[in-house]
Number of protein chains: 2
Amino acid sequence: MSILFVSATDDPGPWLRELNRLLPEHPVRVWPERGDDAAIRYAVAWKPPPGLLASLPRLEVILSLGAGVDAMLADPTLPDLPLVRMVEPGLVLGMTEWVAAQVLYWHRNQHAYSAQQARGVWQPLDEFLAQERRVGILGLGELGAAAARALAALGFDVAGWSRSPREIPGIACHSGPDGLAALLARSDILVCLLPLTAETRGILDAELFAALPPGAVVINAARGAHLVEGDLLAALAGGRLRGASLDVFTEEPLPAGHPFWRHPAVVVTPHVAAKTHARTAAASIAEQIRRHERGLPLENVVDSRRGY
Amino acid sequence: MSILFVSATDDPGPWLRELNRLLPEHPVRVWPERGDDAAIRYAVAWKPPPGLLASLPRLEVILSLGAGVDAMLADPTLPDLPLVRMVEPGLVLGMTEWVAAQVLYWHRNQHAYSAQQARGVWQPLDEFLAQERRVGILGLGELGAAAARALAALGFDVAGWSRSPREIPGIACHSGPDGLAALLARSDILVCLLPLTAETRGILDAELFAALPPGAVVINAARGAHLVEGDLLAALAGGRLRGASLDVFTEEPLPAGHPFWRHPAVVVTPHVAAKTHARTAAASIAEQIRRHERGLPLENVVDSRRGY
């Protein structure tokens with residue numbers, strides 16, 4: 001009854017330590033080492049090579065190392081088994097902090113003040129209170145709901161949008177196509193925390209930007225493929241948008257010479273908004289494995305038709 | 001029974017509108033127009049010319065337009081009358097937002113990422129959760145307590161220090177000289193929100209910087225005179241401090257050619273952290289005037305010996 005750990009990018013050391021400590025009865029194999037394929041019941045994985053999971057005859061549960069499962073779902077050979085999204089406090093907390101940092105950065109004109117400072121210019125700009133700034137959150141899952149709550153606690157006028165109706169106390173929650181138009185029309189700062197699905201791919205495009213109030217700011221911390229990069233550049237060039245903060249990109253690392261690097265209205269961070277912290281995340285994985293073995297329903301299981 | 005409005009920097013328009021609306025029985029004179037000196041019972045003032053208030057024979061209460069009263073107290077002719085500090089929600093909210101913006105900016109390495117972006121460098125840095133970041137607040141008055149609460153709500157490990165003991169739920173409150181050393185030793189990010197008094201002038205000096213953990217960040221939103229500017233430059237040059245965010249300066253506007261302007265580790269904002277919003281602030285002034293006329297004790301009265 002072993003666990004296969006699969007990731008080309010995560011250091012397996014801390015994960016092995018934590019999983020061995022929490023689940024001493026389950027040997028952990030680190031791919032490409034696999035041991036006896038028939039002994040593997042659980043795969044703990046980030047972007048596994050296509051076909052790998054299908055080759056494990058007695059696999060029972062797939063546990064994602066990251067919050068997004070779009071890369072895994074893109075594998076047509078993905079076995080029809082429960083796929084558990086990563087939901088762990090460190091990832092949600094980190095994302096919430098990054099979103100709050102970027103919203104406050106634009107809200108308090110830090111981008112403009114830094115540009116003024118570089119030119120030695122002392123010029124107070126119009127300052128608004130958070131209660132006068134309307135923030136819209138696209139996506140009200142674990143990450144979006146946490147960001148919405150934190151921004152509301154900071155005093156912002158927060159609303160959110162999700163595919164299916166949600167209720168979050170203190171947050172105006174919109175849903176469906178009509179709800180999206182209503183949300184966009186009132187979002188001075190728009191934050192994308194959507195899952196990447198066929199429906200949301202390219203959602204941040206010229207049409208969406210045109211539905212925002214003039215001078216709005218767009219913040220994307222979800223997936224690079226949510227954004228049509230050329231449309232963003234055009235909306236910034238036309239003055240339709242004031243600026244953007246981007247943590248994710250179509251191609252990562254962002255290629256040398258990409259126009260975002262030197263763009264005066266774009267903040268680039270190198271995919272650091274939220275990372276899975278081995279210590280808190282291994283506990284979440286261990287909990288789901290224990291639930292499975294006790295016959296309890298798994299939590300945070302992906303609905304493969306919805307894509308999240 | 002008139003009110004004298006005195007400010008060389010505030011547009012009197014919105015104040016007149018609000019004060020006339022809230023206190024229709026009291027004519028408002030806008031300095032240098034004074035009307036009948038003997039009719040003036042209240043002065044609503046920001047940096048009044050020295051001697052002006054002393055020349056009003058029947059003045060009863062002085063109401064400051066700003067939170068800081070150090071400029072007013074520096075006038076040796078200041079009459080021995082109740083001096084009311086400005087405490088109004090807009091000022092406290094604005095300051096809290098600015099402090100949260102700057103703390104998150106340094107916490108999430110935004111300064112370093114912006115420098116990397118300018119060079120086209122994709123390099124994730126060590127990221128910590130807010131709960132792993134110790135923030136220290138100097139000053140636990142209205143502004144400091146609000147900032148401490150907001151930062152604790154964002155997950156930071158917050159402690160504070162004030163001259164006399166304070167209690168704020170969820171915040172470790174230190175006081176007195178020993179308390180200051182304890183606070184500094186655990187402050188990865190130090191925020192100054194102290195009143196400016198003889199005791200706090202120049203408190204942000206080489207000795208204080210040496211008591212912070214190596215690589216700490218200093219944020220000053222109180223008064224320029226709290227900071228010994230040369231000591232900050234030396235602590236940054238020596239690598240003792242990682243950076244600083246400054247909204248206030250010994251001389252404002254910050255003079256052309258001042259080393260802060262082009263310093264790679266200093267964020268300069270042009271005294272915009274908190275401004276008094278006429279609408280909310282006029283209500284606070286009107287309330288104190290009404291309390292005075294009903295014989296109720298005034299609130300937020302400055303203790304001139306303490307200086308705040």
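Since the structure is predicted, the reported quantities are computational estimates derived from the model, not experimental observations. We name chains A, B, ... by the order of the sequence lines, and we start the count at 1 in each one.
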Nearest heavy-atom contact between B:Ala273 and A:Arg108 is O-NH2, 2.9 Å

Could you please state which residues from residues 223-230 of chain A sit under 4.5 angstrom from chain B, measuring non-hydrogen atom to non-hydrogen atom, sorted by number, or 'none'? none

Please verify the inter-ring angle class for B:Tyr105 with A:Tyr105; under 30° counts as parallel, over 60° as perpendicular, anything in between as tilted. parallel

Please determine which of A:Arg133, A:Gln131, A:His107 meets the side-chain hydrogen bond (donor to acceptor under 3.5 Å, both in side chains) test together with B:Glu97. A:His107

Relative to chain A, which segment of B:Phe156 carries a heavy atom at a distance below 4.5 Å: side chain, backbone, both, or neither? neither

Any idea which of B:Lys275, B:Gln117, B:His271, B:Gln123 has the most non-hydrogen atom pairs under 4.5 angstrom with chain A? B:Gln117

Based on non-hydrogen pairs under 4.5 Å, which of A:Ala256, A:Gly155, A:Ala130 is most in contact with chain B? A:Ala130

Assert top hit (heavy-atom pairs under 4.5 Å, partner chain B, pool A:Val268, A:Leu93, A:Thr96, A:Val266) equals A:Val268

Tell me, please, which residues at least two apart from B:Tyr113 pass ring-ring contact (aromatic ring centres under 6.0 Å, His included). none

Over all heavy atoms of both residues, which pair between A:Leu154 and B:Ala100 is shortest? Give the atoms and the distance, please. CD2-CB, 4.3 Å

Side-chain (B:Arg262) to main-chain (A:Gly120) donor-acceptor, under 3.5 angstrom: no

Please name the pair of heavy atoms, one in B:Glu127 and one in A:His277, separated by the smallest distance, quoted to 0.1 Å. O-CE1, 4.5 Å

Tell me if a side-chain donor or acceptor on B:Gln116 pairs with a main-chain N or O of A:Thr269 at a distance below 3.5 Å. no

Relative to chain A, which of B:Ser114, B:Gly257, B:Ala101 shows the most heavy atom pairs under 4.5 Å? B:Ala101

Would you check if there is a donor-acceptor pair between the side chains of A:Gln110 and B:Gln102 at a distance under 3.5 Å? yes

To check you understand the geometry: which heavy-atom pair defines the closest contact between A:Gly94 and B:Leu129, and what is its length? N-CD2, 3.7 Å

Does any backbone or side-chain atom of B:His263 lie under 4.5 Å from a heavy atom of chain A? Answer side chain, backbone, both or neither. backbone

Minimum heavy-atom distance between B:Trp261 and A:Trp122, given as atom pair plus value: CH2-N, 3.7 Å

A:Val121 versus chain B, heavy atoms under 4.5 Å apart: side chain, backbone, both or neither? backbone

Taking the side chain as every heavy atom from C-beta outward, state whether A:Leu125 and B:Val272 have any pair of such atoms under 4.5 Å apart. no

